[in-house]
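Take a look at the structure below.
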Amino acid sequence: MISSPAITAIVIVIFAALGFSGGFVVSNWRAASEIQRLSSSNAVLSAANDKCAVDIRSVRDAVNAVRETSIQREKDAATAMRGAAKVAAKHTRRARKTSVLPPVAPQYQCEVVAQEQIEYVKTRQQND
């Protein structure tokens with residue numbers, strides 16, 4: 001018959017093998033669980049990343065639209081300023097011309113004012 005220490009050694013080897021294989025099974029189970037959890041987290045993070053990329057694209061498009069609008073407004077403002085400078089120069093010339101005119105005798109002031117109004121209306125109609 002087999003001696004008692006040999007049986008004990010065989011039993012110890014069997015239990016050690018069972019213990020190691022149980023450890024590997026538990027380790028594989030934990031690793032599979034961790035992989036599943038990480039895959040789930042990866043799916044959530046990928047969706048958030050895709051949404052973020054879409055948001056970034058829309059913000060860039062909006063910034064480009066604002067920039068283009070700003071450039072167009074600057075061009076329109078420059079054009080308007082050139083037109084306003086011409087009108088201002090015209091009014092300035094007219095004001096200087098009026099300021100250097102000699103005073104009108106009191107008996108002729110009504111006729112002169114009437115004539116100035118007629119000229120003013122004619123120039124307004126030409127500008128419109």
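Here the structure is a predicted model, which is why all the values come from computation and not from measurement.
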Hydrophobic clusters join Ile, Leu, Val, Met, Phe, Trp and Tyr when side-chain heavy atoms are under 4.5 Å apart, directly or via other members; which others share one with Leu45? none
Can you pull out every side chain to side chain donor-acceptor pair (under 3.5 Å) where at least one residue sits in residues 101-110? Sequence neighbours excluded, please. none
Using side-chain heavy atoms (C-beta onward) and a distance below 4.5 Å, is Arg94 in contact with His91? yes
Is the closest side-chain heavy-atom distance between Val54 and Asp50 below 4.5 Å? no
So, using side chain to side chain contact (heavy atoms under 4.5 Å, CB included) as the criterion, who are the partners of Arg93 when residues are at least two apart?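 Ala89, Lys90.
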Would you tabulate the side-chain donor-acceptor contacts of residues 76-85 under 3.5 Å, counting partners in other chains and residues two or more places apart, or write 'none'?
from: Asp76; atom 1: OD1; to: Gln72; atom 2: NE2; distance (Å): 3.0
from: Thr79; atom 1: OG1; to: Lys75; atom 2: O; distance (Å): 3.0
from: Thr79; atom 1: OG1; to: Arg82; atom 2: NH2; distance (Å): 3.2

Please report, to 0.1 Å, the donor-acceptor pairs under 3.5 Å made by any side chain of residues 56-68, with sequence neighbours excluded.
from: Ser58; atom 1: OG; to: Asp55; atom 2: O; distance (Å): 2.8
from: Asn64; atom 1: OD1; to: Arg67; atom 2: NH1; distance (Å): 2.8
from: Asn64; atom 1: ND2; to: Arg60; atom 2: O; distance (Å): 3.3

